There are 2 protein chains.
Amino acid sequence: MSTITTLTSALQQAGMRLTPQRTSICELLVDSDEHPTAAMIYETLKPRFASLSLATVYNTLDTLVSLGVVNVLGHAGDDKVHYDADTEPHVNLACLSCSKIVDIPSEHVTHLDAEITAASGYKLLGARVLYYGLCPACQKKQARQATMKRN
Amino acid sequence: MSTITTLTSALQQAGMRLTPQRTSICELLVDSDEHPTAAMIYETLKPRFASLSLATVYNTLDTLVSLGVVNVLGHAGDDKVHYDADTEPHVNLACLSCSKIVDIPSEHVTHLDAEITAASGYKLLGARVLYYGLCPACQKKQARQATMKRN
DNA sequence: TTCCAAATTTAGAATGATTATAAAATAAGA
DNA sequence: TCTTATTTTATAATCATTCTAAATTTGGAA
Ligand SMILES: [Mn+2]
Ligand SMILES: [Mn+2]
Ligand SMILES: [Zn+2]
Ligand SMILES: [Zn+2]
């Protein structure tokens, strides 16, 4: 399990300073289980840093991703990129309708890293294991709307 | 293995007409193993359809994705969304430097679909299993540049 | 055939997430 | 304190993608 230290020390070891903004972004990423976007991080931290800039959020996220301590999952029905500070192998499951992403533990994904590295010679930096579809609530919503139209 | 018919009949069963543009987009997706972007598809088909529009490419891709016969993998170092007509479970492996995506067969991913459906109640539409890092060639390139700087 | 309405494609404008830029603020060290 | 490198910020710019309305194509009557 990633802790705040995992992220902050990654930044330091990369020769970067630990500013309050960067620390808060790392904290939010580790504490959150909602796979936030840059905009969500920005909005959440705005009250704490009145002058926070979106550029800082994007820059910090890019750095964390390129250091391999944060995974970038991509779009989830919205057109925003979602991030995941939990780099332990697991399945992410997104609803294309409400854009929520939940975690699914799976024994199967645990061994993929080693398998891929061995088979490919690639230097792995991150994983994007995201299945997508419709959550139960949004399935019901769709069924209801389909019924409406038919009548 | 997906054939051209998998995609075209999905469009027809959704009540859509099989136009030459749509058929060609489906063909290209099935024939290609390079996980193309909308722009790549557009450029490839432009010689055949002088008046082809990017909107048609995007619309067709969206439809195919929402029908579950094409997977959307997301960005790969570039900022273009890559698509995969191979919906058989497999690992995609992207190089963030040269943006190439290769396929890695894996026994482990085969059972994920069923496992996720059972555990979640979601209606699955697609999978995005993409690991990313640096291919061997780009690793060498980076090492060489690091050496340069040091001297 | 010819005609019609629906579906589709197209060209071009608009959107908006992300990136780039340059100036202001901050921090580390002499 | 100075000095300098790093970082943040405000704002402009980019560009992949989406939207829009007009033009084209289609399939099915008549
Ligand atoms: Mn997750
Ligand atoms: Mn693939
Ligand atoms: Zn939902
Ligand atoms: Zn490469």
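Below, chain A is the first sequence line, B the second, and so on; all start at residue 1. Computed from a predicted structure; not experimentally measured.
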Practice item. With a 4.0 Å heavy-atom cut-off, tell me which residues in residues 36-61 of chain B come close to DNA chain C, sorted by residue number. Key: B/S51, B/L52, B/S53, B/A55, B/T56
Check your understanding: Atom CG of A/L18 to atom C1' of D/dT8: distance rounded to whole Å?
Key -> 15 Å
Review point. A/L29 versus A/I41: any side-chain heavy-atom pair under 4.5 Å?
Key: yes
Could you tabulate the donor-acceptor pairs under 3.5 Å formed by side-chain atoms of residues 57-66 of chain A, not counting sequence neighbours?
| unit_1 | atom_1 | unit_2 | atom_2 | d |
| --- | --- | --- | --- | --- |
| A/N59 | ND2 | A/A55 | O | 3.1 |
| A/T60 | OG1 | A/T56 | O | 2.8 |
| A/T63 | OG1 | A/N59 | O | 2.9 |
| A/S66 | OG | A/D62 | O | 3.4 |
| A/S66 | OG | A/T63 | O | 2.9 |

Exercise for review: Kindly say if A/R17 contacts the phosphate of D/dT8, meaning a side-chain N or O under 4.0 Å from OP1 or OP2.
Suggested key: no
**Study point:** Heavy-atom pair with the smallest gap, counting every atom of B/S120 and A/I104
**Key:** CB-CD1, 4.0 Å
Check your understanding: With a 4.5 Å heavy-atom cut-off, do A/V69 and A/S2 have their side chains touching?
Key -> no
Check your understanding: Contact boundaries of DNA chain C with chain B (under 4.0 Å, heavy atoms), 5' to 3'?
Key -> C/dA7 to C/dT19
Exercise for review: Heavy atoms only: give me the nearest B/Y131-A/L124 pair and the separation to one decimal.
Suggested key: CD2-CD1, 4.1 Å
Practice item. Would you please test A/D84 and A/V70 for side-chain contact (heavy atoms from CB on, under 4.5 Å) and show each step? Key: CA-CA 6 Å; A/D84 193 347; A/V70 164; 5.9 Å; no
Review point. D/dT18 P sits how many Å from B/D62 CG, rounded?
Key: 5 Å
Check your understanding: Minimum heavy-atom separation for B/N71 to B/D86, with atom names?
Key -> ND2-O, 4.2 Å
Check your understanding: Between B/R17 and B/Q12, is any pair of side-chain heavy atoms under 4.5 Å apart?
Key -> no
